[in-house]
Protein chains: 2
Amino acid sequence: MVKEKYDVTKFERPSVTVDIILFTIKDNDLKVLLVKRNVWPFKGMWAIPGGFVRMEESLEEAAKRELKEETNVTDVYLEQLYTFGDPKRDPRTRVITVAYFALVDSTKLKLKASTDVRDVKWFSMYNLPKLAFDHEKILKYALKRLRWKLEYTTVAFKLLPEKFTLSQLQRVYEIIFNKKFDKRNFRKKILSLGLVKEVGKEKGVAHRPAKLYKLNKKIGEIVEIF
Amino acid sequence: MVKEKYDVTKFERPSVTVDIILFTIKDNDLKVLLVKRNVWPFKGMWAIPGGFVRMEESLEEAAKRELKEETNVTDVYLEQLYTFGDPKRDPRTRVITVAYFALVDSTKLKLKASTDVRDVKWFSMYNLPKLAFDHEKILKYALKRLRWKLEYTTVAFKLLPEKFTLSQLQRVYEIIFNKKFDKRNFRKKILSLGLVKEVGKEKGVAHRPAKLYKLNKKIGEIVEIF
DNA sequence: TGAATAGTGTCTTTCAGACAATATGCC
DNA sequence: GGCATATTGTCTGAAAGACACTATTCA
C-alpha cells in the first residue's frame, strides 16, 4: 500500500490533544498541577490540564494556550515529553495526546482564580489522587524525565527565582530525587561547573545570611538537549 | 474555555502519521532508509518512510505496519522519537507526525523488492539527498538521539549480529560518532561494564581470529530509558 | 549566648585518557 | 616468514564520594 495514492482527506482522523504536566517546588515538596473533571468520562476525577489542538496552531502553541486557559499560568519552561496514542486511552473516541512537560518557579506564580468553576489544584507528586485516563502513567513518565533532566542539564534553575542560595538549589535536588546530598560535595560540584555567579546576600533572616547566586547567562541555556 | 463542554466530534481534526527513521550500519557507514515520492507534494524527492495512523491501531503498531508495508522490514528495535506538528509542515493539510526511531542489524536484513514500483534505498547519513517535508530536520534530530543513546545505553548492540567482535562494536561507535577511539580504552570500558560474554572465536579469516562476544541477557535490556 | 543555617578542606577511590609492543592464525 | 588484525597494561589527572567542624547573623 502506498500512501500517496490516497487522498489524505479520506482517512478517518483521530483527535489530537496536548496535555501539560506542570511541576513546581512548593512547601518543600514537588507539586504537579491538576484539574478536576466535571463531565463524563472520569467525572469528578483529577486530570492533567490539556485540550484539543487547533488546526492553525503548532503543538507548542496549543500547550501554552491550554495552560493559560485552564490554569492562567504563563511564562513557563516547556518541552515536549512523549506522545501517548493507545486506541483505548479515551472512551469517547480515538484521542492521541502529545504530552508536554513544564516547570515554573512557584514564587512568581499566580494561579488567579479561574473564570470558570473548575477546580485547579497543586498536588504532591508523592501523594497523588486517583487520576483520569492514563494520566497516572503519564505523570510517572514525566517524573522520570524530570529526574533525568536535573542530572544532565540545568533545568533545576527554572524552579527557582532569579536569585537563589545554594541551599535552595540543593533542596530542589533533594526534593526531586527524594534523597539527601552531602552539602560540601554538592556545593563543590555546582561551583566547579561554573554555572552560577555570586550576586549578593540574603537579608533579614534569623541566622547567618547565605550568599545569593544567579545563573550565568551564557550557560543558562544548556537545557535543550532532548 | 473548558474542553469538556465541547463535543469531541465537533472539532476539525488534523491527520496523524507515523514516520520511521531506520538506521543501520553497512559498508562501514551509517545508513538511513528512504523512499522516493512519486506524487505531489515533493514528487521525486526522497522521504522518510511512513503513513497514516489507523483508528484502531496504536502508534507503535502503525509504525511497525508502515515499515513492513513500505520497506518489507520487520523485527527492528523501535522507540518513539518526537512529534512534529508545525501547521505548515505538509502543504496538503494539517498533518502531525509521530516520528519513530529504529535500528536494525544489516546482516539479517532483506529488503525484498517491494511489490510496488517505489524506490526504497539506503543513504549515508553523511551524504543525504534533498528531502521532502521537514524530513531533514527530523533526521538531524534522530542522529542526535542515536548518539545520545549510544553513549548512555546499550542500543549499539541492536546494530550488530548476535555474535560480534569488539572491533566490530568499536567500528559501530566510530561510524556513528564519526571519530576514532583508542582501542585499549574502548575494550577496557566495554569489558569492565560486564555487558558481554565470550562465546567463541572467528573462523576462516586471514589473520589472527578475534574472540566473539554476545550481550549478557540480563543487561541487554538497559536500553529503554527514554 | 543560644538558635539557626552558612560555609569550608582533605583523603580515598574510581574512571577517563594518553600511549606502543607483542600475539596469533593464515598464506 | 610476512601479512593482517587481535590482544594487552601503566601512568596520570580529574571527578566523585565519605566525612565534621567553624562562622555569621539575629533575637
Backbone N/O of [Y] and side chain of [X]: donor-acceptor pair under 3.5 Å:
{"X": "Arg89(A)", "Y": "Phe133(A)", "value": "no"}
{"X": "Ser192(A)", "Y": "Lys189(A)", "value": "yes"}
{"X": "Thr97(A)", "Y": "Phe84(A)", "value": "no"}

- request: Taking the six-membered ring for Trp and the full ring for Phe, Tyr or His, determine whether the centres of Tyr152(B) and Tyr152(A) are under 6.0 Å apart.
  value: yes
message: Considering every strand and a 4.0 Å limit on heavy-atom distances, what is the contact class for Lys201(B): base, sugar-phosphate, or nothing?
response: sugar-phosphate
- prompt: Can you list the residues that meet the side chain to side chain contact (heavy atoms under 4.5 Å, CB included) rule with Lys68(B), with sequence neighbours excluded?
  reply: Asn72(B), Thr74(B)
task: Determine, for Glu61(A) against Arg65(A), whether the closest basic-nitrogen to carboxylate-oxygen distance falls under 4.0 angstrom.
output: no
Basic-acidic side-chain contact under 4.0 Å: Lys140(A), Glu136(A): yes
Chain A contact limits on DNA chain C, taken 5' to 3' with a cut-off of 4.0 angstrom to heavy atoms: dA4(C) to dT10(C)
message: Return a single string for nucleotides 1-10 of chain D, one symbol per nucleotide in 5' to 3' order, where B is base contact, S is sugar-phosphate-only contact and - is none, cutoff 4.0 angstrom on heavy atoms.
response: ---BBBBBBB
field: Tyr213(B) to Val199(B) - nearest heavy-atom pair and separation
entry: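 Taking every non-hydrogen atom into account, C-CG2, 3.8 Å.
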